Amino acid sequence: NSADVFENGVKKDTSTALTTVTSETGLILTKDVWNASNATWVTSMSAKPGDVVTYRLMVRNTGNTTVTNIVLKDTLPQYVTYVLGSSREDGVSISDAWITTGVGQLLPNLTAGNFKIITFQAKVGACPPGGTYTLTNKVDSTATGLPNKSATADVIVTAGAPNVPR
């Protein structure tokens, strides 16, 4: 960028400035579980065996360039079972294969400032009696040119005392 300085129609000086534009990439990954009792997304909540919980994954591009080839892989903990047909990306139904086969969900392009939300449901199974269990659901992400990220959400289950015959 340059500017010329004129006085009475005569060029007196020229000033030049160089502007460097750098691209920045950034990705934020979060994981929540829906707490119906207070109608909010939380990172930890209590549930009972048999409850169906809804998980939410959010990936946000915080940079000023498009992030490509984002893959999200979710790992359900022991005692939690995926509910078939429950996966949605931005509210639109997606294949169960992303979670049932472990291949993950590909987000090919996420433009600067935008985000994607994936939700799905899982059923809490019976835990062994007589204890409190923290069932941690984890999501991992990879993306071209960025470090891997992960996020978790917990469901806490308290199992009753075992039945003791009399």
Side-chain angles (χ1 to χ4, degrees), residues 1-5 13-47 51-125 133-157:
N1 194 8
S2 65
D4 294 328
V5 177
D13 197 6
T14 298
S15 178
T16 302
L18 179 62
T19 303
T20 303
V21 178
T22 58
S23 66
E24 293 182 21
T25 56
L27 208 59
I28 294 175
L29 177 64
T30 60
K31 175 96 179 216
D32 307 288
V33 60
W34 180 250
N35 186 334
S37 65
N38 62 7
T40 188
W41 293 100
V42 295
T43 57
S44 182
M45 64 168 278
S46 296
D51 285 352
V52 173
V53 295
T54 301
Y55 291 103
R56 175 180 72 171
L57 323 175
M58 185 184 314
V59 60
R60 180 182 307 274
N61 182 345
T62 60
N64 62 10
T65 62
T66 298
V67 177
T68 59
N69 299 316
I70 302 165
V71 177
L72 301 176
K73 292 186 178 181
D74 198 271
T75 305
L76 288 172
Q78 185 177 12
Y79 311 121
V80 176
T81 307
Y82 174 71
V83 174
L84 292 173
S86 66
S87 287
R88 306 274 183 276
E89 181 180 313
D90 293 336
V92 177
S93 182
I94 58 174
S95 170
D96 292 324
W98 83 277
I99 196 166
T100 59
T101 65
V103 297
Q105 179 67 8
L106 173 65
L107 307 174
N109 295 300
L110 187 58
T111 56
N114 284 313
F115 62 93
K116 288 284 186 180
I117 295 175
I118 295 178
T119 59
F120 67 91
Q121 294 182 322
K123 185 173 184 178
V124 178
Y133 299 86
T134 300
L135 309 178
T136 301
N137 182 223
K138 181 180 179 190
V139 61
D140 294 297
S141 73
T142 58
T144 301
L146 291 175
N148 297 347
K149 303 239 180 216
S150 64
T152 61
D154 295 330
V155 173
I156 301 166
V157 178

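None of the values given here were measured: they were computed from a predicted structure.
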> When rounded to the nearest 0.5 angstrom, what is the spacing between CG in L76 and CG in N137?
Replying inline: 5.0 Å
> CZ/R56 to CD1/I118 distance, rounded to the nearest 0.5 angstrom?
Replying inline: 12.5 Å
>> Tell me the closest heavy-atom pair linking I70 and A143, and the distance in Å.
In response: CG1-CB, 3.8 Å
Show which side-chain atoms of residues 99-113 pair as donor or acceptor with protein atoms under 3.5 Å away, not counting sequence neighbours.
unit_1: T100; atom_1: OG1; unit_2: D96; atom_2: O; d: 3.1
unit_1: T101; atom_1: OG1; unit_2: A97; atom_2: O; d: 2.5
unit_1: T101; atom_1: OG1; unit_2: V103; atom_2: N; d: 3.4
unit_1: Q105; atom_1: NE2; unit_2: E89; atom_2: OE1; d: 2.8
unit_1: T111; atom_1: OG1; unit_2: N114; atom_2: ND2; d: 2.4

> If you measure from CG on L135 to CG on D154, what distance do you get to the nearest 0.5 Å?
Replying inline: 8.5 Å
> What distance separates T142 OG1 from N148 CG, expressed to the nearest 0.5 Å?
Replying inline: 6.0 Å
> Going by the salt bridge (Lys or Arg N to Asp or Glu O under 4.0 Å) test, which pairs reach into residues 68-85, not counting sequence neighbours?
Replying inline: K31-D74
> Taking only residues two or more places apart in sequence or in another chain, which ones pass salt bridge (Lys or Arg N to Asp or Glu O under 4.0 Å) with K149?
Replying inline: none
>> I need the minimum non-hydrogen distance between T54 and T119, along with the two atoms involved.
In response: CG2-CB, 4.4 Å
>> Let's go through V80 and V155 carefully: what are the C-alpha distance in whole Å and the side-chain angles of both, what is the deciding distance for side-chain contact (heavy atoms from CB on, under 4.5 Å) to 0.1 Å, and is it a yes or a no?
In response: CA-CA 9 Å; V80 176; V155 173; 5.8 Å; no
> Between S44 and V33, what is the shortest heavy-atom contact and its length?
Replying inline: N-CG1, 4.5 Å
> What's the spacing between D140 CG and L72 CG if we round to 0.5 Å?
Replying inline: 9.5 Å
>> With rounding to the nearest 0.5 angstrom, report the CD1 to OG1 distance, I28 to T62.
In response: 5.0 Å
>> Looking at I117, is its backbone amide N or carbonyl O close enough to the side chain of D90 to form a donor-acceptor pair, meaning the two atoms are under 3.5 Å apart?
In response: yes
>> Parallel, tilted or perpendicular: which one describes the rings of W98 and F120, with boundaries at 30° and 60°?
In response: perpendicular
>> Which heavy atom of S87 sits nearest to which heavy atom of S95, and what is that distance?
In response: CB-O, 4.4 Å
> What are the two closest non-hydrogen atoms of G26 and N61, and how far apart are they?
Replying inline: O-OD1, 3.2 Å
